[in-house]
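When a ligand or atom number is given, it counts from 1 through the structure's own listing order.
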Amino acid sequence: MTDTFKFELLGTDGKARRGRVHTAHGAINTPAFMPVGTAATVKAMMPESVAETGAEILLGNTYHLMLRPGAERIEKLGGLHKFMNWDKPILTDSGGFQVMSLAQLRKITEDGVRFRSHIDGAYYDLTPESSTEIQRQLDADITMCFDECPALPAPKERVNEAMQLSMRWARRSREAFTHRPGYGQFGIVQGGTEKDLREESVEKLTEIGFEGYAIGGLAVGEGQELMFSTLDFTTPVMPTDKPRYLMGVGKPDDLVGAVARGVDMFDCVLPSRSGRTAEAWTRRGSVNLRNARHKDDPRPLDENCTCPCCKNYSRAYLYHLTKTKEILGLMLLTWHNLHYYQELMAGMRTAIEEETFDKFVVDFHALREQGDI
Ligand SMILES: Nc1cc(N)c2c(=O)[nH][nH]c(=O)c2c1
């Protein structure tokens, strides 16, 4: 526990950074991966199991929680940490991104977004002020600004409009933020894949001043090459003394490439969602447990993995659980995938500390090129 929100830059290796974020509910070693706890749960996992994978922070979705069970109800019940029995840090997104991807009938105005709930069709308004208040009611250690993320590809004029609106909303989000010891708010850099727009967005956000800065507007269909090229000109102009969080990313090779470009924090549904769709992520790439080649295979998913799935169960068993749609199959594969992601982040943290990150990257890709065996 700490009484001041701060980021320590502990070391670098090239552009890769090793750091630590201190929050009201504890510290987060970076580079860090945040499992997604959408509706106050990481699906198919007990919170104790999520902690056992090595996760030090979770992401909560404001859109889902405001609709059900409601931020007021969670506040009255003691906040999201108590509600979901997770006593480590929580970052909540602003809800704006999910409104655009999940809600019915949404209308963006200067004030905010009006939308109909995908659950019961009721109308809601979400603004920078109400999003920031909801995240306070949830007691998020890290609150995200309310922003607009345009789908790519988009004309530069549209990307610029969305970025300028997001910067105005960022100032309103900051004015609505309740400053408390150990709690922080992150601005979100927008600007698509346009260098000048990204630089302007960073300049406007740093002028407002936040405890951290996210890179939004990526992982929205642009592809890895464009994502990396955008990071190449965005991270160098971001503050070095504040955490950098790449939103919605990604596959293991996305994470390695983004850490190499100076990113500190990530969130993605991929490892947990894949666990429910019979896809396992290993050091050798992804493995589809629906494939009959596993039917009689007595080996674990990964003989070098120390997770409960790999220590105690065979591929044949995982194939059986997948084919029979047994809940245990979802649990074991989700646990393995989250464990693997945390092992990957821990490996990168150590490599940066030891200044062997370049070798880490070479070894990472070499194993994946061999593929599953
Ligand atoms: N890929 C992305 C995932 C996200 N959750 C977000 C977001 O919450 N806000 N803004 C964004 O640009 C964004 C991008």
Asks: Which pairs would a plain distance check flag for residues 145-164, meaning a side-chain donor or acceptor within less than 3.5 Å of a matching protein atom at least two apart in sequence or in another chain?
Replies:
from	atom 1	to	atom 2	distance (Å)
Asp147	OD2	Gln190	NE2	2.8
Glu148	OE1	Arg158	NH2	3.2
Glu148	OE2	Arg158	NH1	2.9
Glu148	OE2	Arg158	NH2	3.3
Lys156	NZ	Asp196	OD1	3.0
Lys156	NZ	Asp196	OD2	2.7
Arg158	NE	Glu161	OE1	3.3
Asn160	OD1	Gln164	NE2	3.0
Gln164	OE1	Lys204	NZ	2.8
Gln164	NE2	Glu200	OE2	2.9

Asks: Using a strict 4.0 Å threshold on nitrogen-to-oxygen distance, state whether Glu354 and Arg18 make a salt bridge.
Replies: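 No salt bridge links Glu354 with Arg18.
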Asks: Only distances under 3.5 Å count here; give the side-chain donor-acceptor pairs of residues 268-275 to other protein atoms, sequence neighbours excluded, each with its distance to 0.1 Å.
Replies:
from	atom 1	to	atom 2	distance (Å)
Ser272	OG	Val269	O	3.1
Ser274	OG	Leu270	O	2.7
Ser274	OG	Trp281	NE1	3.0

Asks: Pairwise, report which nitrogen or oxygen atoms of ligand 1 are under 3.5 angstrom from protein nitrogen or oxygen atoms, and how far apart they are.
Replies:
from	atom 1	to	atom 2	distance (Å)
ligand 1	1 (N)	Leu218	O	2.7
ligand 1	1 (N)	Met247	O	3.2
ligand 1	9 (N)	Asp147	OD1	3.3
ligand 1	9 (N)	Asp147	OD2	3.3
ligand 1	10 (N)	Asp147	OD1	3.4
ligand 1	10 (N)	Asp147	OD2	2.7
ligand 1	12 (O)	Gln190	NE2	2.9
ligand 1	12 (O)	Gly217	N	2.6

Asks: Considering only distance and modelled atom types, tabulate donor-acceptor pairs under 3.5 Å from the side chains of residues 359-369, sequence neighbours left out.
Replies:
from	atom 1	to	atom 2	distance (Å)
Lys359	NZ	Asp363	OD2	2.5

Asks: Testing Tyr341, Tyr245, Phe266 for side-chain contact (heavy atoms from CB on, under 4.5 Å) with Met34, which one passes?
Replies: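 Going through the options one by one, the only one that passes is Tyr245.
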Asks: Going by the side-chain contact (heavy atoms from CB on, under 4.5 Å) test, name the single residue among Leu333, Leu330, Asn337 that passes it with Arg276.
Replies: Leu330
